[in-house]
Amino acid sequence: PGTYLVNATLRIPDNVIVRGSGVGVTILCYNYSNFIVTAADDAMICSEGRDNIGGVTRFGLEDLTLKVVSLGTAGFKGIDFAGAAYAHAKNIEVLSESPGDVLGLGIGLQFADYGPVVTTDKACQYNRVYGVTIRGWRTGFIQKSLTALSTGPVGNLIQGLHGTGLLYG
C-alpha cells in the first residue's frame, strides 16, 4: 500500500509480475515535469524487451493504480504492450491528470506490433486484460501495427475495459 513516485519508464523484465494491494491502495505516480525526457521514456510501463530484437516479454500488472501527473512526450502511453506476448493486466486503473496533454495525443493502453508477426520477436500477441479502467486520456485504448510488415496484434483478449475518452481498437 502507498503512493510511489516513478520518474522513468518502468520496463518490466520477462516473467515478472508487479502486484499491488488494490486499485487506489497502491499507486505508482509518474511526474515528468522535473525530469529530462527522452524518446525512450514514452510510456509509464512497458516490457523490458520492447526496444530490443527478440524482445517478446511476458509480464504482469495486478491490483494497482497508475497515475500520470505530467506527460513526458507527445503520444505518451500509460501501458504499452508493444512487443509483449503472454503478458497481462488485471484490476488496474490507468489515470491521467495531466493538463500538459494539450494536443490530446496521450494513450491509456496500447497494443502494437513493432515487426513481422511471423518472426514473433516484435509481435503483440496473446496478451490478457481483465478489469482495467482508463480515465483522463483522450484515447483510452488503441490497437495498431507500427510497421507495414505486420498483420497487427493477434490473439489478445480484453474483458472489462472501462473508461473515458475514445476506447477503440
Side-chain angles (χ1 to χ4, degrees), residues 1-4 6 9-30 42-50 55-68 71 75-98 101 104-147 150-169:
T3 299
Y4 304 90
V6 181
T9 296
L10 180 59
R11 296 174 183 278
I12 303 175
D14 196 23
N15 292 317
V16 170
I17 295 175
V18 177
R19 182 176 293 130
S21 296
V23 172
V25 178
T26 303
I27 302 168
L28 300 182
C29 183
Y30 292 75
D42 66 348
M44 289 169 56
I45 292 182
C46 70
S47 70
E48 182 180 57
R50 182 188 69 169
V56 173
T57 305
R58 297 162 296 274
F59 68 89
L61 298 169
E62 297 179 4
D63 303 315
L64 296 166
T65 293
L66 308 173
K67 182 167 89 172
V68 175
L71 295 182
F76 190 84
K77 293 161 267 318
I79 303 173
D80 189 358
F81 276 89
Y86 302 99
H88 73 275
K90 181 179 177 185
N91 301 325
I92 301 291
E93 178 183 46
V94 186
L95 172 63
S96 174
E97 294 181 347
S98 177
D101 188 20
L105 298 175
I107 300 167
L109 174 64
Q110 173 177 277
F111 280 178
D113 283 341
Y114 276 117
V117 171
V118 294
T119 65
T120 70
D121 67 350
K122 291 292 183 181
C124 176
Q125 57 190 6
Y126 309 113
N127 298 298
R128 303 291 183 250
V129 172
Y130 305 102
V132 172
T133 300
I134 300 171
R135 292 188 297 126
W137 300 84
R138 171 123 189 246
T139 301
F141 168 72
I142 192 166
Q143 178 169 289
K144 63 182 179 178
S145 174
L146 301 176
T147 174
S150 173
T151 57
V154 297
N156 296 301
L157 174 68
I158 300 172
Q159 293 181 333
L161 181 63
H162 309 280
T164 59
L166 303 173
L167 294 175
Y168 68 99

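We count residues from 1, following the sequence as given. Just so we're clear, the structure is a prediction, and the values are computed from it rather than from any experiment.
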Practice item. Would you name the heavy atoms of F59 and C46 that are closest together and state the gap between them? Key: CE2-C, 4.5 Å
Review point. When you measure from the side chain of W137 to the backbone N and O of G78, does any donor-acceptor pair fall under 3.5 Å?
Key: no
Revision key, fill the gap. The side-chain hydrogen bond (donor to acceptor under 3.5 Å, both in side chains) partners of T133 (sequence neighbours excluded) come to none
Review point. Mind checking what makes salt bridge (Lys or Arg N to Asp or Glu O under 4.0 Å) contact with R19, not counting sequence neighbours?
Key: E62
**Study point:** Side-chain heavy-atom pair I12, I45 within 4.5 angstrom cut-off
**Key:** yes
Review point. Is any side-chain heavy atom of Y4 less than 4.5 Å from a side-chain heavy atom of T26?
Key: yes
Exercise for review: Check I79 against V94 and note the closest heavy-atom contact, atom names and distance.
Suggested key: CD1-CG2, 3.8 Å
Check your understanding: Is any side-chain heavy atom of T9 closer than 4.5 Å to a side-chain heavy atom of D80?
Key -> no
Point to revise | Any donor-acceptor N/O pair, N127 side chain to H88 backbone, under 3.5 Å | key: no
**Study point:** Nearest heavy atoms of S21 and P1, plus distance in Å
**Key:** OG-CD, 3.3 Å
**Study point:** Short side-chain to backbone donor-acceptor contact, N156 and Y126, under 3.5 Å
**Key:** yes
Review point. side-chain contact (heavy atoms from CB on, under 4.5 Å) with V129: which residues, sequence neighbours excluded?
Key: F81, L109, F111, V132, I158
**Study point:** Any donor-acceptor pair under 3.5 Å from T65 side chain to G24 backbone
**Key:** yes
Point to revise | Listed partners of Y130 passing side-chain contact (heavy atoms from CB on, under 4.5 Å), at least two apart | key: K90, R128, L157, Q159
